[in-house]
Amino acid sequence: MGTAVPPRARSEYRCTECGASQPKWAGRCDACGEWNTLVEEVVARAEQRRGGHGGTGARGHGAVGAAPVRLGDIAADAAPRFRTGLAEFDYVLGGGIVPGSLVLVGGEPGIGKSTLLLQVAARLEAAGIPTLYASGEESPEQVRLRAARLEEPTAGVPVLAETALERVIEQAGAVGARVVVVDSIQTAYSRDLEGAPGNVGQVRECAARLMRFAKEAGPAVLLVGHVTKGGGIAGPKTLEHIVDTVLYFEGESALDHRILRASKNRFGGVDEIGVFAMTAAGLVPVANPSEVFLAARHAGISGSAVTALMEGSRPLLVEIQALASKAGFGTPQRVSAGLDHRRLAVLLAVLERRARLPLADLDVFVNVVGGVRLTEPSADLAVAAALISSVRDRALPPEALFLGEVGLGGEVRAVSAADRRLAEAARLGFSRAYVGARTSLRGAAPGLELVRVDHLEELAHRLAA
Ligand code: TYD
Ligand code: MG
């Protein structure tokens with residue numbers, strides 16, 4: 001009789017693993033077959049009427065009836081990248097922000113995500129590229145307090161304290177923003193979906209909607225996503241396949257430098273890193289990361305070895321520290337920071353069996369200095385050298401570098417891009433490099449004596465000499 005029907009909600013079940021939705025609950029997901037991953041979600045009426053607008057974002061991409069375009073007909077310079085001038089940030093993205101792209105900046109709370117993106121917005125705004133900084137976490141006054149600490153031209157940045165996604169998109173259109181910062185995706189919510197901000201459904205829907213906004217209207221969107229120490233399930237991990245680029249901001253919040261790493265990039269190389277120092281006036285790009293990571297090194301201390309990692313296309317020298325000490329009662333402890341504990345267990349077993357290093361009754365601690373994480377096996381030889389040095393309580397030669405992967409037989413294998421790693425070591429004054437016997441080198445690194453080792457036992461023997 002003309003009275004409005006109150007909106008009725010219906011439930012659906014979304015898989016936290018693959019993101020697919022299904023109408024009925026089951027023990028496992030119909031789409032990916034994972035067990036116990038379905039979570040109930042209430043879908044508001046408004047969304048139903050629009051035929052499931054949103055969700056995975058598969059529908060409604062681009063204008064209806066768009067015709068195919070030949071790649072050759074698309075002007076190559078149609079969309080030049082936005083450069084912030086924060087050298088390390090631009091570098092990690094592959095040369096600046098791509099218009100129309102969706103970039104996720106993940107990291108633990110307090111690591112500096114808001115600081116970084118406020119600096120980015122300030123620089124772009126000052127360069128004449130309109131921005132919008134939408135914060136769901138802080139009031140404009142709080143953002144201003146942070147801005148006051150920065151040596152950046154922040155005065156012109158439009159700040160919006162808003163958590164409703166529809167309002168953020170509307171305001172971005174109103175100010176004609178070319179780069180929009182959404183801080184953070186966990187505080188954003190869409191009115192079309194019930195459920196609190198931060199739940200998987202809201203997070204995914206908001207990201208999918210921002211993706212459409214970016215692709216249709218053309219601004220780049222930079223999303224902040226909090227990651228907890230344990231890896232954060234309802235947050236950034238579920239967004240990685242939606243967004244174009246994923247940058248993780250890492251480091252120990254207590255130390256003053258931070259590493260920005262591209263873990264996915266549709267428009268540039270992955271695993272590229274940029275290093276920043278967190279100063280009293282915000283983040284400052286570090287031009288010579290190796291020097292910073294080695295700066296605090298003390299010569300003459302046992303258990304310290306240096307290796308050269310390849311981070312994307314750039315070499316990075318880091319120090320690895322090991323400490324082996326007599327264990328108390330029970331099973332000896334094996335603790336590692338920056339190195340996978342399973343990798344450490346393998347290396348300890350290989351050292352014990354193949355190089356006859358007595359480790360069984362020792363507690364072992366391994367640390368990669370500066371909050372760097374070892375992701376490639378090329379650091380094995382350095383970890384082994386640090387352990388040998390600690391067990392014998394005898395310092396390694398301070399000017400030596402260790403480069404090699406260690407196999408289960410104790411054999412030392414060659415690593416990729418050895419030339420570039422050795423060149424960086426030579427540049428920083430290293431004069432000797434222990435490398436796998438079969439390491440192939442195109443040219444000799446100037447001023448670097450090469451010691452080729454075939455096996456861990458040989459390394460142990462040479463270090464004792
Ligand atoms: P923030 O950007 O708020 O972190 P996130 O958004 O990732 O949670 O950074 C917080 C930390 O950075 C805080 O501990 C203070 C520190 N900081 C500085 O050291 N210098 C500065 O200039 C600023 C703005 C912050
Ligand atoms: Mg923040």
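- One side chain, H226 or K113, offers a donor N or O that lies under 3.5 Å from an acceptor on the other.
- With respect to E250 and R261, a salt bridge is recorded, a charged nitrogen being found less than 4.0 Å from a carboxylate O.
- Side chain of T439 to backbone of G436: a donor-acceptor contact under 3.5 angstrom is found.
- Under 3.5 Å, the side chains of S302 and D393 contain a donor-acceptor pair of N or O atoms.
- A donor-acceptor pair under 3.5 Å links the side-chain atoms of E125 to the main chain of T131, judged by distance alone.
- The closest side-chain donor-acceptor pair between E405 and S378, if any, does not fall under 3.5 angstrom.
- S184 and E137 are linked by a side-chain donor-acceptor pair at a separation below 3.5 angstrom, with hydrogens and angles left out of the test.
- Counted by atom type alone, S313 and Y91 present one or more donor-acceptor pairs between their side chains at under 3.5 Å.
- Applying the side-chain hydrogen bond (donor to acceptor under 3.5 Å, both in side chains) test to R354 and every residue at least two apart in sequence or in another chain returns nothing.
- A side-chain donor from one of S290 and E424 sits under 3.5 Å from a side-chain acceptor of the other.
- A salt bridge between E319 and R297 is absent, with no side-chain N of the basic residue lying under 4.0 Å from a carboxylate O of the acidic one.
- Of the charged side-chain nitrogens involved, none lies within less than 4.0 Å of a carboxylate oxygen, so that E352 and R356 do not count as a salt-bridged pair.
- Ion pairing of R343 with D380 is present here, as a side-chain N (NZ or NE/NH1/NH2) and a carboxylate O approach within less than 4.0 Å.
- When all heavy atoms of I273 and V92 are compared, the closest pair comes out as C-CG2, 3.4 Å.
- Counting heavy atoms from C-beta outward, Y434 and P397 have side chains that approach closer than 4.5 Å.
- Here the side chains of L459 and I388 are in contact, with some heavy-atom distance below 4.5 Å.
- Put simply, the side chain of N199 gets close to the backbone of Q202: a donor and an acceptor are under 3.5 Å apart.
- Donor-acceptor pairing under 3.5 Å is recorded for the side chains of T245 and N265.
- Partners of R442 by salt bridge (Lys or Arg N to Asp or Glu O under 4.0 Å), not counting sequence neighbours: none found.
- With respect to the salt-bridge test (charged N to carboxylate O, under 4.0 angstrom), the residues R462 and E458 qualify.
- For the residue pair P130 and G176, the shortest heavy atom distance occurs at CB-O, 3.4 Å.
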